[in-house]
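The analysis underlying the following values was restricted to heavy atoms, covering all of them including side chains, and did not include hydrogens, waters or symmetry mates. Here is how names work: the chains are called A, B, and so on, in the same order as the sequence lines, proteins then strands, and each is numbered from 1.
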Protein chains: 4
Amino acid sequence: MKRNKPKYMQIIDAAVIVIAENGFHQSQVSKIAKQAGVADGTIYLYFHNKEDILISVFREKMGMFVHKITEEIEKKETASEKLLVLIEHHFKNLSENPKLAIITQLELRQSNKELRQKINDVLKDYLFVVDEVIKYGIERNEFTQIVDVRLTRQMIFGTIDEIITNWVINEQKYDLVELAPAVQRLLLNGCGK
Amino acid sequence: MKRNKPKYMQIIDAAVIVIAENGFHQSQVSKIAKQAGVADGTIYLYFHNKEDILISVFREKMGMFVHKITEEIEKKETASEKLLVLIEHHFKNLSENPKLAIITQLELRQSNKELRQKINDVLKDYLFVVDEVIKYGIERNEFTQIVDVRLTRQMIFGTIDEIITNWVINEQKYDLVELAPAVQRLLLNGCGK
Amino acid sequence: MKRNKPKYMQIIDAAVIVIAENGFHQSQVSKIAKQAGVADGTIYLYFHNKEDILISVFREKMGMFVHKITEEIEKKETASEKLLVLIEHHFKNLSENPKLAIITQLELRQSNKELRQKINDVLKDYLFVVDEVIKYGIERNEFTQIVDVRLTRQMIFGTIDEIITNWVINEQKYDLVELAPAVQRLLLNGCGK
Amino acid sequence: MKRNKPKYMQIIDAAVIVIAENGFHQSQVSKIAKQAGVADGTIYLYFHNKEDILISVFREKMGMFVHKITEEIEKKETASEKLLVLIEHHFKNLSENPKLAIITQLELRQSNKELRQKINDVLKDYLFVVDEVIKYGIERNEFTQIVDVRLTRQMIFGTIDEIITNWVINEQKYDLVELAPAVQRLLLNGCGK
DNA sequence: AATGAATGAGCCTTCATTCAT
DNA sequence: CATGAATGAAGGCTCATTCAT
């Protein structure tokens, strides 16, 4: 496993394209190899097995994503602003990479228990960032003291995730990023008066 | 296709058990047939194909679910109460049927585009109920006028869905139903002050 | 097995229609039963198995055919005339029953060794008639003494059979019966000078 | 599809043996693979599907056959001699390959419309050779001017085909090749005086 | 005599992975 | 490092036949 050689990312990028275009179950290893311009066997010099390609795709892309978002959030003072930045970046990141969006919202979910477990491990970094924003908001007394952090995180992530999934299913027909402020308002104040 | 004969429900119930225990891709038709106590071929007297079993499981169970929830919601006067009933029933229904929960939250998502399209068609009835509650709340001036119905529905459904999925992944270690009031509060008032 | 009850012929006739329309391998017992207006199980009160339907179709239709042709041939004086009548009737019979032609020329050949053996048994009656004509021609010194009866019969039957098969494959686009005199001439005099 | 690698012919030859011995419908792909000494999956590196094996067997063998016969025919001066060579070679070719004869005369006919269409396409090359001989005979005034080429070809091919089929059915009990001159005589002069 | 729901054996094909070159 | 030909396990579905009613 040599994960820093150029062919590694070459295969990752090929996988993103192939999976987004063909769907998870129609993305044979040979198809990814062809797209990457390598032989089938070469895949196995860089990945343990097919599942490993998938989880690696997610890990690489999500790693970059979490890194960028952490940077941006640190620049903001208030928890509300941090929340807005989080939503905006999540929306923006996937808006700019519709193929990646198809994979994270649709294709990656077509996996079995074990694979999904590994995906969740990767996701933890992101959920940790969400948790930090919530705790920060509570500390600063911007957020209500009575909320449960886990429940709040599930609301925030669940809402963002559902909105993006709907956007993907509707074939990205509308602008996702401009929804961010409304989503922030909903999450902060709810739908009640 | 004879969908009212006893064997139809017999197979549906067998499928719930087998799929929850083995996962969709490890649920061979022969396994479901065996669990149902019928011959492999009999499955095909009641279902078009393997996929049809899965979608039928969802349709039957979701149909009952939407029916019950609609009844309960009508009894309540305020939109807030209706929302609470919705959350409670959703949680209660899947709490009482953990195997069904595994299927709706995990296995059913491991499906291809076409199947997911069919699942969404079934889900529409439920989302319609959510939309009605939101519109009712806006009309009665219980909910803020500035919310977007679709976005609000996505928050409500996304939040509930994410909470249940986490509960399933954590192997149903905690009581889901008792979380309902806190979830209602979060959805109505958000996490802000 | 009650082969003189009305349902027997009802099923035979249904089989002719279904096989001609759907082809041998797409003619399920249930399809034939439906066409005949009886239950699947009823078929087995009149036939031993599916193969038995096929061979019975051929036996019934060929029996009638041989009977008629024998009658007609007896009316003629010379072997040449008998040969012409034979060709004409063979052509006429299948021209008037294109569905039957499809079955005898195409579908019936898609059978395994055992079935084909049984078909050949039925065919023997017809080939016997051909042999009789040839022997009669030799006796009367109309036909050359040097021909081998079996070889001659194979030429006569092979030629007629090939011509009809081509006609069926070409979707019966031309008049078969009017070819009879030319075929008779060919068989009697060959293509040489 | 790599049709010039050794494994291609290895599988073709295995198919001839297996199909001749077991019949087409009892020739499972796994049986052919075993006979060829390759894995089941290897078959599909060289053939599209099971049907493709059958048609390829016919194409390869018939191709060789037509090539050889065309060469031999060209050496002969008269149409009569060409006809004799044609019959002799047809008989000889299948006499020397009784397994191939079983396939061409029996198993290959157990196919559906589409497959038979493909077989006819291959057969066309052969029928073209027959047509050429007939036309040559007419041109040279060896054959009577009044014959119809198509009808004559149907007589020649139908007769040869029927004779071989009978020989196969009778389990190759007699010498086929020595019948050739008598068949030629019959085709040239008919059975009449 | 007639029904038709139920049976269950049987097989083509795909594709992740290996390994000799 | 890279190749790609070869492997072989695994399962959804059909349909002729049966038999309880």
(Q) So A/K7, base contact, sugar-phosphate only, or nothing? Heavy-atom distance under 4.0 Å. (A) sugar-phosphate
Q) When you check the phosphate oxygens OP1 and OP2 of E/dA6, does a side-chain N or O of B/Y46 lie under 4.0 Å from one of them? A) yes
Q: Using the closest heavy atom to pick a nucleotide of DNA chain F for each, name whichever of D/G41 or A/V38 lands nearer the 5' end.
A: A/V38
Q. Looking across every strand, which nucleic acid part, if any, lies under 4.0 Å from B/V29 by heavy atom: base, sugar-phosphate, or nothing?
A. sugar-phosphate
Q. Dot-bracket for DNA chain E, 5' to 3', with Watson-Crick and G-U pairs under 3.5 Å, [ ] for crossing pairs and | for other-strand pairs: what is it?
A. .||||||||||||||||||||
Q | Any donor-acceptor pair under 3.5 Å from D/E107 side chain to D/F24 backbone | A | yes
Q) Within the distance-only criterion (no hydrogens, no angle test), does the side chain of C/K50 pair as donor or acceptor with the backbone N or O of C/S27 below 3.5 angstrom? A) yes
Q: Measure the shortest side-chain to side-chain distance between B/Y46 and B/D52 over non-hydrogen atoms and say whether it is less than 4.5 angstrom.
A: no
Q: Could you check how far NZ of D/K34 sits from P of F/dT7, rounded to whole Å?
A: 14 Å
**Q.** Residue mapping more 5' on DNA chain E - nearest nucleotide basis, B/D40 or D/H25
**A.** B/D40
(Q) Distance check, rounded to the nearest 0.5 Å: C/L108 atom CG versus C/F58 atom CZ? (A) 6.0 Å
(Q) From CZ of A/F24 over to C1' of E/dC15, roughly how many Å is that when rounded to an integer? (A) 13 Å
Q.
Could you tell me how far apart C/H48 (NE2) and F/dT18 (C1') are, to the nearest whole angstrom?
A. 16 Å
Q) Roughly how many Å is it from CD1 in D/I11 to C1' in E/dT13, rounded to a whole number? A) 14 Å
Q | Position toward the 5' end of DNA chain E (nearest nucleotide), D/T42 or D/Q26 | A | D/Q26
Q | Which nucleotide in F/dA6, F/dC13, F/dT17 has an atom nearest any side-chain atom of B/N49 | A | F/dC13
Q. For C/D52 and F/dT17, what is the distance between atoms CG and C1' respectively, to the nearest whole Å?
A. 14 Å
Q) Crowded around D/H67 NE2? As in, over 12 foreign heavy atoms under 6.0 Å? A) no
Q: Specify the closest pair of heavy atoms between D/K31 and D/Q26, including all atoms of both residues, with the distance to one decimal.
A: NZ-O, 3.0 Å
Q) From F/dT3, E/dT7, E/dT18, pick the nucleotide closest to the side chain of A/Y44? A) E/dT18
Q. Rounded to whole angstroms, how far apart are CG on C/L45 and P on F/dT17?
A. 14 Å
Q: Consider the side chain of D/Q28, meaning its heavy atoms from C-beta on, and name the nucleotide among E/dC11, F/dG12, E/dT3 that approaches it most closely.
A: E/dC11
Q | D/F47 CZ - E/dC12 P separation (whole Å) | A | 15 Å
(Q) Test your reading of the model: is there a side-chain donor-acceptor pair from B/Q35 to the backbone of B/V18, 3.5 Å cut-off? (A) no
Q: Among the candidates F/dT3, E/dT7, E/dT3, find the nucleotide nearest to the side-chain atoms of A/A39.
A: F/dT3
Q.
Looking at every non-hydrogen atom in both residues, tell me the closest pair between C/I12 and C/V57 and how far apart they are.
A. CD1-N, 3.7 Å
Q | Protein-nucleotide distance (A/Y8, atom OH; F/dA2, atom P), rounded to Å | A | 15 Å
Q) When you match D/I43 and B/K50 each to their closest nucleotide on DNA chain F, which lands nearer the 5' end? A) D/I43
